Amino acid sequence: MDKHLNIRCITIFLFVCIVGLAVQGNAYILPDSGSKEADSLKLVLAKPLTPQEKIKTLSALGKAYYTDSELDKALETEYQLLDMISKHGEKIDSAKCFRLIGLVYMQKSWYDKSLDNLMRAQHLFGESGDSAMQAKALMNVGIVHDCMNNYPMSLSYYNKALDYFKRTKNENGIADCELNIAIVLAKQKNYKPACENLLSAIKIYEKAGNDSYLAAAYINFGLTSKKMGNYDLAIEYLDKALKIWKQEEDQYHICFYHLNMGEIMLDMKRTEEAGQHLNTAEKLAKEVGSKDLLAKAYEFLSDYHAARNNFKDAYSFLDKSKQLNDSILNAETTEKVSQIQYQYEIAKREVEKEHLVKQNLNKELELSKKNLLLYILGAILVIIAVLVMLLVTQNRIKKKANEQLEVKNDLIELQRDELISLNVSKDKFLSILAHDIKNPLSSIHGISDLLISDYDKLTEEEKKIFTRDIHTLATNLFEIINTLLTWSTSQSGMITYRPTQFSIGKLCGKSANNLQTVAKQKDIVIESTVDENLMVLADENMIISVLHNLINNAIKYSYHGTKIRIESIRSEGFAQISVIDAGIGLSAESQSKLFKYDQHFMNKGTAGETGTGLGLILCKDFVAKNGGTIKVESTLKEGSTFVFTLPLASAQVSAHPQGV
């Protein structure tokens, strides 16, 4: 059943709690009456005040309006406050003001403006040295990205805030970050890590006795367990959340509990228990006046009656759910229409009053009629102007769409030409590769034929030489075919890019160890100095193949008794890995042929080894798929350095109590 109350409901629950915190500090305490507080603050503003007193009072008034959900008044007050701060305030005052403006815009779902103000706030907090408030502003930025369904960016800002809280050992901040990260991970269906974060948050909340957030953590863990099919664990944690909500007499979330329990019971085929929970949920939803919960209760009751083959009642509840959902969708429109109607009624009453006052004044009445006619004509002209503007705008949009279509067609044509060129290059490359495969096969065939026909005539030494030659040719042929198989699998799309965070230092050490046996045959030492704490975000299997090819090539073209070094540096969000040898090197002409399908490059190793260049093409393919680049720096007879880059893990996922 995929139409259930999902974790988004709990996200909304947290948003309400923590935005309340956002303007209060660390304690969740709302004033008894926001409007009364605002009225008293307006009286204070009417008195003579110093600039600092006025800044303090305007700040408190903006927060009072925000707490009372009078968002337009809150914005007006905060912009007045900004003007006052620009003349008499300090940087920290501006930071707090920008942050509240960002929170107001987030409430109004103006996410671009919200992000702009919150980013300015966190920057100013950082310049003012208030790292704690900077971390909370970063959490607010994470919230906005979550609301925009931009989950990677949301995780990035949550993790930045989490790093600060861990450094300062702020357990409440750590728990809030863990809980928000878990919510986003659950939305991404990464249920296992989400559960790990939730358990970490639960442990801290239980220790601190923070029941409000503990209930949120419990319910999120229960819902995540439900998603994973672990109904027993889901029920256990839903019951824990219910216990807290009963203590707080929170009827809204008690209703939410019964809805989820009803759904779980339906999934577990425990129909009677499902009916009990859903009937309770329907009753509570009506008591708290929540149309959202009531619509969902009707929807699940429809499923309940369908499970009992009572299709008449099932249809009836489904129809109720649809009607209620339609009313919810139309609520905002209805409210706006009511406001317009109210304004219209006021205007109408004023016109009638004026008419009664002037009913005996014929001259003024005629003038009034003329004015009315002018108003009507003006309205008609305005309507015509609006229609003309709409037509012009529509024409511009159509013209722009046609231009974009032409650009896309040109791009498709260019891509088609590039694809044709690439296919021609690949065909030429495969033809060359077939020749490279044919040569060792022909040699193996000739030697084996000689062994069969003249076996008794050959000396033991000759037999050993021929056998060794066959083994060498077969080994080279196996390497060519194995690389070709990997390359063809990559080209066909059968190798899927699956990025993870891992230590590139450990992977370099592992690859070097795997090739030590081959290196010892030439008395070559492989040394890796890559930091094991250097974390990258890439497909580990692809990068293993890249390192194997580069180190194997370095061994192939290195002199006996030399050293191969693997080094790394960090550069602008990337890890730069270098495989350095002191071998035969490459000329400028040879370097220009590397990594290309249409260039046939073969160069014998220091022990007579051969290669096709396909391994380097595969390396370039895999590095590009991981968002990096690869290049070669070489001097003939002095050695070569192959350098490739990979994105740092912190640059990709620097990773909602909504930080306050």
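None of the values given here were measured: they were computed from a predicted structure.
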* Should the pair E282-K286 be classified as a salt bridge under the 4.0 Å nitrogen-to-oxygen rule? -> yes
* To do: May I ask you to say whether D292 pairs ionically with K296, meaning some side-chain N is under 4.0 Å from a carboxylate O?
  => no
Shortest non-hydrogen contact from [X] toward [Y]:
X    : Y    : answer
A135 : A161 : O-CB, 3.5 Å
K625 : Y497 : O-CE1, 3.7 Å
A281 : H258 : CB-CB, 3.9 Å
E78  : G62  : OE2-CA, 3.3 Å
H253 : D250 : ND1-OD2, 2.9 Å
F165 : C177 : CD1-SG, 3.6 Å

How long is the straight-line distance from [atom2] of [Y] back to [atom1] of [X], given to the nearest 0.5 Å?
X    : Y    : atom1 : atom2 : answer
M148 : S154 : CE    : OG    : 11.0 Å
L284 : L294 : CG    : CG    : 11.0 Å
I101 : L71  : CD1   : CG    : 12.5 Å
Q80  : L61  : CD    : CG    : 8.5 Å
N402 : I397 : CG    : CD1   : 12.0 Å
L214 : L179 : CG    : CG    : 10.0 Å

* Can the positive tip of K320 be found less than 6.0 Å from the middle of the six-membered ring of Y298, inside 45° of the ring normal? -> yes
4.5 Å side-chain heavy-atom contact, [X] and [Y]:
X    : Y    : result
Y158 : D146 : yes
E171 : Y205 : no
I219 : Y237 : no
Y164 : L138 : no
N172 : Y213 : no
N190 : V184 : no
L103 : M106 : yes
M261 : Y257 : yes

* **Non-neighbouring partners of K108 that pass salt bridge (charged side-chain N to carboxylate O under 4.0 Å, His left out), sequence neighbours left out** => D72
* To do: Determine, step by step, whether K400 and E403 satisfy the salt bridge (charged side-chain N to carboxylate O under 4.0 Å, His left out) criterion, reporting the C-alpha distance in whole Å, the side-chain angles of both residues, the deciding distance to 0.1 Å, and the verdict.
  => CA-CA 5 Å; K400 185 176 180 180; E403 290 174 353; over 6 Å; no
* Asked: How far apart are the C-alpha atoms of E263 and K226, what are their side-chain angles, what is the distance that settles it, and do they pass the salt bridge (charged side-chain N to carboxylate O under 4.0 Å, His left out) test?
  -> CA-CA 10 Å; E263 184 190 12; K226 179 178 70 172; 2.7 Å; yes
* Asked: What do the steps show when you test I202 against F221 for side chain to side chain contact (heavy atoms under 4.5 Å, CB included), and what is the final call?
  -> CA-CA 9 Å; I202 286 171; F221 189 85; 4.2 Å; yes
Polar side-chain atom of [X] near backbone of [Y] as donor-acceptor pair, under 3.5 Å:
X    : Y    : answer
T645 : F574 : no
S290 : A285 : no
S503 : M535 : no
S59  : I55  : no
N260 : F256 : yes
D93  : E90  : yes
N197 : P193 : yes
D68  : A64  : no

* Asked: Strictly by modelled atom types, are D319 and Q323 linked by a side-chain donor-acceptor pair under 3.5 Å?
  -> yes
* Asked: How about E206 and Y218: does a side-chain donor come under 3.5 Å of a side-chain acceptor?
  -> yes
Listing, residues 116-132 side-chain donor-acceptor contacts under 3.5 Å, not counting sequence neighbours, or none:
residue, atom, partner, partner atom, Å
N117, ND2, K113, O, 2.8
Q122, OE1, Q134, NE2, 3.2
H123, NE2, E127, OE2, 2.7
E127, OE1, K91, NZ, 3.0
S128, OG, L124, O, 2.9
D130, OD1, M133, N, 3.2

* Asked: Is Q247 atom CD crowded by more than 12 heavy atoms from other residues, nucleotides or ligands, each under 6.0 Å away?
  -> yes
* Asked: Has D112 got more than 12 heavy atoms of other residues, nucleotides or ligands less than 6.0 Å from its CG?
  -> no
* To do: Quick one: do I85 and C97 satisfy side chain to side chain contact (heavy atoms under 4.5 Å, CB included)? Show the steps, please.
  => CA-CA 9 Å; I85 291 171; C97 187; 4.2 Å; yes
* Stepwise, does the salt bridge (charged side-chain N to carboxylate O under 4.0 Å, His left out) test hold for R167 with D163? -> CA-CA 6 Å; R167 288 197 306 272; D163 287 342; 5.4 Å; no
* Report the C-alpha distance between V392 and N395 in whole Å, list the side-chain angles of each, state the deciding distance to 0.1 Å, and finish with yes or no for side chain to side chain contact (heavy atoms under 4.5 Å, CB included). => CA-CA 5 Å; V392 171; N395 185 58; 5.7 Å; no
* If a pair satisfies side-chain hydrogen bond (donor to acceptor under 3.5 Å, both in side chains) and one of its residues is in residues 42-53, list it, with sequence neighbours excluded. => T50-E53
* Please check if the distance between the ring centroids of Y151 and H145 is under 6.0 Å. => no
* **The single option from E37, E76, K73 passing side chain to side chain contact (heavy atoms under 4.5 Å, CB included) against Y65** => K73
* Asked: Under the side chain to side chain contact (heavy atoms under 4.5 Å, CB included) criterion, do N626 and V623 qualify, and how do the steps go?
  -> CA-CA 5 Å; N626 284 274; V623 170; 5.9 Å; no
